Amino acid sequence: LDAGRSSGEGVCLHACVMTGANSCAPDPNATASSPNLPTRYSQEPSPARKKIRRQNTFAPRAAGPMYTLPMRITLPCLALLCLGASLRADVVPAALFTDNAVLQRDKPVPVWGTAAAGEKISVTFAGHTADTVAASSGHWRVVLPAEPANATPSDLVIKGDNTVTLTNIVVGEVWLASGQSNMEFTVNRSYDAAIDIPASANFPLIRHIKITKKVADEPVTTASGTWQVASPDTTGGFTAVGYYFARDLYQLLHVPVGIIHSSWGGTRVEAWMDPDALKSDPAFASVTDEWSKILAAYPAKAAKYALTLAA
């Protein structure tokens, strides 16, 4: 946030239509698409005191420091959201690849991240190795063969100029849990939390990763989050809907289940839709019209806000 204020730049999470957890791994040569329509959270102090409030408006980037940070909340495309980009030359896996991760069974397994341009990368898992070379952008991507469900932990080893070894990796079902406050609702607030949180010690093959919220104005290639094993120490912070779904699925299929939790309460549906989708149907014309009006009104509102801050 401080970087956004000082630079006048924003960052954005870009949306895509999900057909499976593996379907959105990035093409290193792809370019960012046009921005999505936003839902906006802003910090707008009154003359008496600063107050944080929510409003369904959006302020585009302005020259100089930004007093109200732009933000777009979108369903994160796993490809763009989780590249884990870094300015370092070291090989860096995408944010979805941490210790305790679950990989999707019975599908080719894409693994991606960043490194120095031209750096040779090799990725090894379950006896298979795939090699590639980082593109000029620093992005790299390999695809490992499909694996059946496997509850026996293995290492995922990524080698470049450095070596990254991820431990306790299993193969099973991977599901994306997204939405608004109903999906944000955590297990420790559920009716049977006092029973279900201690009992989660029986389900170490249920894993959960919470994607950290990020203020955004343009598509970004960074995200953060860590896979956690279900246990009395962790399950309370899991999405309740996602956890109970995962528990039912595990009891039915008896394979590891991973939940990728990315939600943001109170967001408008337009912010989760691709601009091309909004333009494809006349029914959405009011959305684009509203956006145009917001952009046109921004300069005057920004000037008024600056005067309020100076008062």
Side-chain angles (χ1 to χ4, degrees), residues 16-27 75-84 93-113 121-132 140-159 164-179 183 200-211 223 225-231 234-235 238-263:
C16 74
V17 177
M18 298 300 295
T19 57
N22 288 328
S23 64
C24 286
D27 177 352
L75 173 63
C77 171
L78 300 184
L80 292 177
L81 179 88
C82 298
L83 278 174
L96 283 182
F97 301 101
T98 75
D99 293 343
N100 308 318
V102 182
L103 304 179
Q104 177 61 46
R105 65 171 176 164
D106 301 329
K107 298 288 184 181
V109 180
V111 181
W112 65 96
I121 309 296
S122 70
V123 180
T124 301
F125 180 74
H128 300 285
T129 298
D131 300 309
T132 190
W140 57 267
R141 179 181 185 271
V142 300
V143 179
L144 294 167
E147 297 286 341
N150 191 345
T152 302
S154 298
D155 290 347
L156 175 64
V157 181
I158 304 169
K159 292 184 178 180
V164 177
T165 301
L166 306 178
T167 64
N168 196 26
I169 309 299
V170 293
V171 182
E173 290 287 307
V174 181
W175 291 79
L176 174 66
S178 193
M183 190 61 74
S200 68
N202 297 315
F203 302 105
L205 292 179
I206 295 177
R207 314 286 177 85
H208 176 280
I209 181 172
K210 175 67 170 72
I211 302 302
T226 301
W227 283 99
Q228 294 181 307
V229 175
S231 74
T234 61
T235 303
F238 292 5
T239 162
V241 172
Y243 174 72
Y244 289 118
F245 170 78
R247 192 180 67 178
D248 286 350
L249 203 60
Y250 174 78
Q251 291 173 328
L252 176 67
L253 300 176
H254 303 290
V255 300
V257 181
I259 298 295
I260 300 169
H261 176 206
S262 179
S263 62

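Just so it is clear, the structure is predicted and the values come from calculations on it, not from any experiment.
The main-chain N or O of Leu96 is found under 3.5 Å from a side-chain atom of Trp227 such that the two form a donor-acceptor pair. Checking side-chain atoms of Ser262 against main-chain N and O of Ser178 turns up no donor-acceptor pair under 3.5 Å. At distances below 3.5 Å, not a single donor-acceptor pair connects side-chain atoms of Ser231 with backbone N or O atoms of Ala201. In this structure, the side chain of Asp155 does not engage the main chain of Val157 through any donor-acceptor pair within 3.5 Å. No donor-acceptor pair closer than 3.5 Å links the side chain of Thr235 to the backbone N or O of Ala230.
In summary, the side chains of Asn100 and Asn168 do present a donor paired with an acceptor at a separation below 3.5 Å, with no hydrogens or angles considered.
Atom CD of Glu173 sits about 13.0 Å away from atom CG of Leu205, to the nearest 0.5 Å. Rounding to the nearest 0.5 Å gives a distance of 7.0 Å between CD1 of Ile260 and CD1 of Ile211. In this structure, CG on Leu166 lies 10.0 Å from CZ on Phe125, to the nearest 0.5 angstrom. Distance check, rounded to the nearest 0.5 Å: CG of Leu144 to CG of Leu103 gives 8.5 Å. One distance of note links CG of Leu249 with CD1 of Ile259; it measures 7.5 Å at 0.5 Å rounding. Note that CD1 of Ile169 is 8.5 Å distant from OG of Ser154, once rounded to the nearest 0.5 Å.
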Verify side-chain contact (heavy atoms from CB on, under 4.5 Å) between Val109 and His128, making sure each step is shown before the conclusion. CA-CA 11 Å; Val109 180; His128 300 285; over 6 Å; no
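Remark: Phe238 engages His208 in a ring pair (Phe, Tyr, Trp, His ring centres under 6.0 Å) (not counting sequence neighbours). Residues passing the ring pair (Phe, Tyr, Trp, His ring centres under 6.0 Å) test with Phe245 are Trp175, sequence neighbours excluded. Considering only residues two or more places apart in sequence or on other chains, Glu147 meets the salt bridge (Lys or Arg N to Asp or Glu O under 4.0 Å) condition with none of them.
Contact between Ala146 and Pro108 at its shortest, heavy atoms only, is CB-N, 3.7 Å.
For the pair Ile158/Ile121, a side-chain contact is recorded, criterion being any heavy-atom separation below 4.5 Å from C-beta on.
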